[in-house]
Trainee: 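Shown below is the structure under consideration.
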2 protein chains.
Amino acid sequence: MQMNLSTRQLRAFLHLVEERSFTRAATLSHLSQPAFSALIRSLEDELGVRLFDRTTRSVELTAEGRAFEAAARRVLREAEDAWTDVRQLAARQRGRVALAVLPALAAGWLPQVLARFHAQWPGIQLDVADVLSEDCIERVRSGRADLALAATRVDTPELRTELFCTDDFHLVCRRDHPLATQPQLRLADIAAHPMIQLSRSSSVRQYVEAAIHPLQLNTMMELDQLSTVAGMVRAGLGISVVPALTLFHFEHPQLATRPLPLRGLKRQIFLVRRRDRSLSVAAQAMYEQLMALRPRQTAPNRRRGA
Amino acid sequence: MQMNLSTRQLRAFLHLVEERSFTRAATLSHLSQPAFSALIRSLEDELGVRLFDRTTRSVELTAEGRAFEAAARRVLREAEDAWTDVRQLAARQRGRVALAVLPALAAGWLPQVLARFHAQWPGIQLDVADVLSEDCIERVRSGRADLALAATRVDTPELRTELFCTDDFHLVCRRDHPLATQPQLRLADIAAHPMIQLSRSSSVRQYVEAAIHPLQLNTMMELDQLSTVAGMVRAGLGISVVPALTLFHFEHPQLATRPLPLRGLKRQIFLVRRRDRSLSVAAQAMYEQLMALRPRQTAPNRRRGA
DNA sequence: CGATCTTACGGGATTCGTAAACATA
DNA sequence: TATGTTTACGAATCCCGTAAGATCG
């Protein structure tokens, strides 16, 4: 014989256990008394045993009913837990989103986005990995991250990539540097000055070198961290060229930043997710938030992504 | 919103998780594929979230579906356990019966009854207290015993008593004693001989004294245990008068037993149970077994209880 | 006799299966 | 195009509520 129990039956049973009256228990179950009676009877029929001894004056559990009571409470509790858990996930009252975001975005732009997200969905746990592009993508591939914002496009059978935003490059120099006030900026002017660069493995460095080709940069120093670059520039050791999204490193009274005149010198930021599985409700909400608040172009000709 | 989950839904869900195909899972659930589809949809609607990403080529759990899976398994398992437990109680495959039975019945008559009961319902645990009447009744009153077989009638608001059987008294003496072969037994003859008695607190003793009144018994010894009485009689120290149900103590080549000529000298054995609660399925089966196999009168004029 | 559970029964909602439409690899 | 899911829809079933009946204190 095939079991079929419903939480309605269990709740009705427990109501009757507590009320010891069909009439009152029926009210609690939002049923007419005869309908409630039938519900209890159906449960008893399925179990093959009377659960209550009832007369017109008393309703009492049988021995088998007492044996069932504890189990019924347990099952109902588990079922309610399962139900509310999923309902909370669905209502974004609970959940978890794992992001993998380039450090530049993670430090400058992301905090305000997450602040708004958290204000709206305070129950959703956030897990941010501020790592380089390759690691970002690897995290999505392995499932450790739901979404990644990375600088490299990947289109594999398992990963889906879409353009998230573009990021144009800016000159950074001391406020008293000639280039800070020079009316017209030309590439050749920039190439002439000593430059504080990121290390050759950085994607920023590669963008810059490709854009300036065939000119050669006058690299006087290579560093790993942009904050160090800022310190060096502030000390007057050279100038630098960095993407707009990292300019927050250079907000300092001694420093000036200027858009570069190169139209083609833009890097692209991609949003990466898995192709095979859909986003969780929480991750979907995050996706929408990210897209809604995506960084605007700081260059003169602003551009919106698709 | 009111939760309503059924085990059918959970089973359908888990079938689909395992089969990853609506068609196959529908077969497992004994439903047409569209009906199965509607069942999954109803579950998703109640939970407020998609549990599966499905295309015509693939069916995969969503993140929320994965979260629900573990809970669903747990709930279904608990529900099935609860269900089978009660079904087993109902089918007498499991359970427990606690009896409180007079030692005389417990030693002589009860074993064969319990042997048959156990052969028929091997899963039912038996708990026998072979104690005196007062203790028997107290055990039923306190709920430690489901049924009692005792020698005293009680009719309180909480206990129900019914006549179980009657037990007439027999003379016990040595085979070479004059009374063993005397054609006609008279009370006066018995009263004349030295008698081995149970102690004054025994119900048997009280029955005998009441029946023989106003004659006085020639008591030469008082004991507590019938097996000791048997030894004394066997040694030729005297005769005794005991209920038929205790005669198994006196089955010995040297001993003779004879029905007494006293019609009124019968003790009654009562079956006692609680008035307010019904018997468990197992206890009910035991009750029927006890009644079906109740001891027959050994006296010439046999009598059946109501 | 009164309070309470059960049975009877008509109406309505739910659920089923068949068949057609739709979608994806 | 073939496989597999969803939609459409008529039919059967289930479930509910009202009203009458039965039962116990």
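To find a chain, count down the sequence lines: A is the first, B the second, and so on, and within it residues start at 1. Everything numeric here is computed off the predicted structure, so don't read it as measured data. Note: hydrogens, waters and symmetry copies are ignored here, and every other heavy atom, side chains too, is used.
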Trainee: If you draw the axis of the six-membered ring of A:Y287, does the NZ or CZ of A:R273 fall within 45° of it and under 6.0 Å from the ring centre?
Mentor: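 Yes, cation above the ring, under 6.0 Å and within 45°.
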Trainee: Return the value, rounded to whole Å, for the distance between atom CG of A:L43 and atom P of D:dC15.
Mentor: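 After rounding, the gap between these two atoms is 13 Å.
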Trainee: Where each residue is assigned the nucleotide of DNA chain D containing its nearest heavy atom, which of B:T56 and A:A38 is assigned the position nearer the 5′ end?
Mentor: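 Residue closer to the 5' terminus by nearest nucleotide: B:T56.
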Trainee: Would one find a side-chain N or O of B:R24 under 4.0 angstrom from OP1 or OP2 of D:dG4?
Mentor: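 No.
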Trainee: Round to a whole Å and report the spacing from CD of A:E19 to P of C:dC5.
Mentor: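 For the pair A:E19 CD and C:dC5 P, the rounded distance is 11 Å.
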Trainee: OP1 or OP2 of D:dG17 versus the side-chain N and O atoms of A:S32: is any pair under 4.0 Å?
Mentor: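 For A:S32, the contact criterion (side-chain N or O under 4.0 Å from OP1 or OP2 of D:dG17) is met.
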Trainee: Considering heavy-atom distances to DNA chain D, does A:L31 or A:R57 have its closest nucleotide positioned more toward the 5' end?
Mentor: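 Result: A:L31.
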Trainee: Could you check A:E80 against A:R11 for salt bridge (Lys or Arg N to Asp or Glu O under 4.0 Å), going step by step and ending with a plain yes or no?
Mentor: CA-CA 11 Å; A:E80 272 168 352; A:R11 240 194 310 269; 3.3 Å; yes
Trainee: Can you tell whether the side chains of A:R73 and A:E18 come within less than 4.0 Å, N to carboxylate O?
Mentor: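 Salt bridge present between A:R73 and A:E18.
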Trainee: To the nearest Å, give me how far apart CD (A:Q33) and C1' (D:dA19) are.
Mentor: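 Those two atoms, CD and C1', are 13 Å apart.
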Trainee: Please classify the nucleic acid contact of A:T23 as base, sugar-phosphate, or nothing, using heavy-atom distances under 4.0 Å.
Mentor: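 Sugar-phosphate, no base atom in range.
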Trainee: For the side chain of B:Q9 and the backbone of B:S6, is there at least one donor-acceptor N/O pair under 3.5 Å apart?
Mentor: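 Yes.
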Trainee: Distance check needed: D:dC16 P versus A:H30 NE2, whole Å only.
Mentor: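 Whole-Å distance recorded here is 13 Å.
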Trainee: Which of these nucleotides, D:dC24, C:dT6, D:dT5, is closest to any side-chain atom of A:T55?
Mentor: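 Closest nucleotide to the A:T55 side chain: D:dC24.
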Trainee: Taking the basic N atoms (NZ, or NE/NH1/NH2) and the acidic carboxylate oxygens, is any pair closer than 4.0 Å for B:D146 and B:R277?
Mentor: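 Salt bridge between B:D146 and B:R277, a charged N being under 4.0 Å from a carboxylate O: no.
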Trainee: To the nearest angstrom, how far is B:F36 atom CZ from C:dT15 atom C1'?
Mentor: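 These atoms are roughly 15 Å apart.
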Trainee: Mind checking A:S21 for me? I need base, sugar-phosphate or nothing, with any heavy atom below 4.0 Å counting as a touch.
Mentor: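 Sugar-phosphate only.
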Trainee: Rounded to whole angstroms, how far apart are CG on B:D45 and C1' on C:dT15?
Mentor: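 One finds 15 Å between C1' of C:dT15 and CG of B:D45, rounded.
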Trainee: Any idea which of D:dT6, C:dT6, C:dT24 is nearest the B:S37 side chain?
Mentor: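 Looking only at side-chain atoms, B:S37 lies closest to D:dT6.
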Trainee: Atom CZ of A:R54 and atom C1' of D:dT23: how far apart are they, to the nearest Å?
Mentor: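 Going from A:R54 (CZ) to D:dT23 (C1'), I get 13 Å.
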Trainee: From the list C:dC5, D:dA19, D:dT6, which nucleotide is the closest neighbour of the side chain of A:P34?
Mentor: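 For A:P34, the side-chain atoms sit closest to D:dA19.
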Trainee: What is the distance from CZ of A:R8 to C1' of D:dC16, rounded to the nearest Å?
Mentor: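 Whole-Å distance recorded here is 9 Å.
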